[in-house]
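Encoded as structure tokens, the structure appears first; notes follow it.
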Amino acid sequence: MGTIKKTAFYECHKKYGAKIVEFAGFEMPVQYEGIIAEHMAVRNSVGVFDVSHMGEFIVKGKDALAFVQKVTTNDASKLVKGKIQYSAACYEDGGIVDDLLVYNFGEHFMIVVNASNIEKDFAWFEKNKFGDVELINKSDDYSLLAVQGKNALNTLQKLTDVNLSEIKYYTFTEGKIAGIDAIISRTGYTGEKIGFEIYVTSDVEPSVKLWDAIFEAGKEFDIKPIGLGARDTLRLEAGYCLYGNDIDNTTNTIEAGLSWITKPAKGDFNGKPKVMSEIENGSKRKLVGFIVDGRLVARHGYEIYNNGDKIGFVTSGNTSPILGKNIGLGYVEKQFAGLGNTIKIKIRNDFVDSQIVNIPFVAKD
Amino acid sequence: MNIPENLKYTNDHEWVKVDGNIGTIGVTDFAQGELGDVIYVDINASDDVSKGDSCGTIEAVKTVSDVFTPVSGKIIEVNTKINDNPAIVNKDPYGEGWMLKIELSNPDELNELLSYENYKELVGA
């Protein structure tokens, strides 16, 4: 590892009282006011996340679409210009390299990957290149702010002539926000119905200008900066997988509940044989959502039991500030994975009853 | 950071306030800041504990942490108000956010704890 990187917003974080931690090689804000207060700000009004640490790759060339089809599980031929697709990259054995977003810009694609996987993903994609494909790692060139919550549109609309209400979920457009050239993307990792992710140059001056403009515009909505802590509790309530917790190179997309982004009918892609066998034979285990009885928190790595037999493990667990209950995700052997089934989670010396429930835990309103 | 001068401290960031043979125990302002939002405290009353034992756990959003007792004795009271409103541990760690009371079985142990000055040095305040 080289030196720890700072995003263009580092001084903004300090100014807003962030507690800074190292995450994926970056100095990132884990919290400002407190995780629960920040969580509720996003659910009740609007919050701003610095997610500039995410990676962005450009895919160009005549064979760009064929390449994206080979390295991802979703069907990119369905992805028209201006649309975005949630997808995954797999190894040959079906293990997940990363989950990602694919943007179709018409003349090229942009793939957005997890910060901790940038180098690994880029090397994997390079290795899988064929024909007329050019891959460019633009991760250091973008600042990225996520503005999420029911007042996200009201906040950002003050700063742009682009009609934001015309940008549908999982589509994007290019335009100016606060006078800065931006990719305006109707996406997010919070489960909020209204949320945008805004990509601008990583130069500090325009980035900070954008940050300040957003906070000024959002003042009337009590807009707040949100750290990685609340990013995690928000995505968990939404039932979204986190790479490294719920999915990794030992899990496949079918058992992880990501069959909706896995399209074997499109043709060949990395990991397809494993995907086909999972679909035809059924997965041995499934990623399920659960609510824990009582107030102990089931955390990543805790074991799951049935009648004294180990039947799985917790991959993510935390409190749900909205439900006032403790929730989590975990892999459970298929025969125990039915909705409403009770499992026991080993929390230190206790085996705590937990109910398998539908994901998302908190529905979009 | 708030560090009251009249308390004794541990390397694990607990404090103890002694009144007769009763020690009131909680976690320090530094500790609550590191833990972040506390959501539950799990301590069993009536347990006999020895200095340094884990006598319960603190569930915070970010992490779970043991409460190590600074003194030996019997747990005679647990602050049940915390679990109605866990935020008091963050807001008032030396007051409303106290966690348990112990009847001391070996008051000499108090001499082994950190003074205000020592603790201040430990956390670099």
Side-chain angles (χ1 to χ4, degrees), chain A residues 17-23 28-43 224 226-237 242 245 292-302 314 316-328 345-350 352, chain B residues 1-2 12-13 27-50 52-69 75 78-93 96-97 99-100 123-125:
Chain A
K19 177 184 276 188
I20 306 276
V21 296
E22 192 197 334
F23 178 80
M28 297 299 289
V30 65
Q31 65 170 65
Y32 303 81
E33 180 184 350
I35 294 173
I36 293 174
E38 292 165 32
H39 184 110
M40 297 310 284
V42 172
R43 289 281 180 253
K224 285 180 177 171
I226 315 296
L228 294 175
R231 183 168 159 83
D232 191 47
T233 53
L234 288 158
R235 71 89 195 170
L236 183 60
E237 274 186 350
L242 172 62
N245 276 39
V292 185
D293 285 359
R295 295 182 69 174
L296 299 178
V297 180
R299 296 180 192 268
H300 179 76
Y302 289 9
V314 174
S316 288
N318 216 317
T319 189
S320 160
I322 290 292
L323 298 179
K325 292 175 179 169
N326 295 333
I327 60 174
I345 298 178
K346 187 167 185 256
I347 305 181
R348 293 175 289 281
N349 300 318
D350 295 322
V352 182
Chain B
M1 192 189 315
N2 181 10
D12 299 311
H13 310 286
V27 299
T28 64
D29 191 29
F30 176 84
Q32 71 76 20
E34 290 295 302
L35 286 167
D37 289 332
V38 170
I39 52 178
Y40 183 61
V41 177
D42 185 22
I43 293 167
N44 288 325
S46 84
D47 282 2
D48 283 314
V49 290
S50 300
D53 282 356
S54 169
C55 58
T57 51
I58 306 172
E59 294 275 11
V61 177
K62 261 190 302 190
T63 187
V64 60
S65 176
D66 285 295
V67 186
F68 297 104
T69 175
I75 302 177
V78 171
N79 184 1
T80 54
K81 280 194 189 138
I82 289 178
N83 289 333
D84 299 330
N85 182 15
I88 59 178
V89 177
N90 297 105
K91 283 185 194 134
D92 190 11
E96 274 198 274
M99 291 185 179
L100 65 153
V123 297

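In what follows, every chain begins at residue 1, and chains take the letters A, B, ... in the order their sequences are listed.
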task = Could you tell me which non-hydrogen atom of B:K62 sits nearest to which non-hydrogen atom of A:I35, and how far apart they are?
result =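 Between these two residues, the closest heavy atoms are CG-CD1, 3.6 Å.
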
ask   = Where on B:A87 is there a heavy atom nearer than 4.5 Å to chain A: the side chain, the backbone, both, or neither?
value =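 Neither; nothing under 4.5 Å.
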
ask   = Using non-hydrogen atoms only, which part of B:N90 is less than 4.5 Å away from chain A: side chain, backbone, both, or neither?
value =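 No part of it gets close to chain A.
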
Positions in residues 317-326 of chain A that reach chain B, provided some heavy atom is under 4.5 Å away =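 Within residues 317-326 of chain A, the residues under 4.5 Å from chain B are A:N318, A:T319, A:N326.
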
task = Taking the side chain as every heavy atom from C-beta outward, state whether B:V61 and A:I36 have any pair of such atoms under 4.5 Å apart.
result =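 A side-chain contact under 4.5 Å exists here.
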
Heavy-atom check, side chain of A:R295 versus side chain of B:I39, under 4.5 Å =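 No, every pair of side-chain atoms sits at 4.5 Å or beyond.
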
key: A:R299 portion near chain B, given a 4.5 angstrom heavy-atom threshold   =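 A:R299 touches chain B through side-chain heavy atoms alone.
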
message = What's the separation between atom CG in B:D42 and atom CZ in A:R348, rounded to the nearest 0.5 Å?
response =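 So the gap between those two atoms works out to 7.0 Å.
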
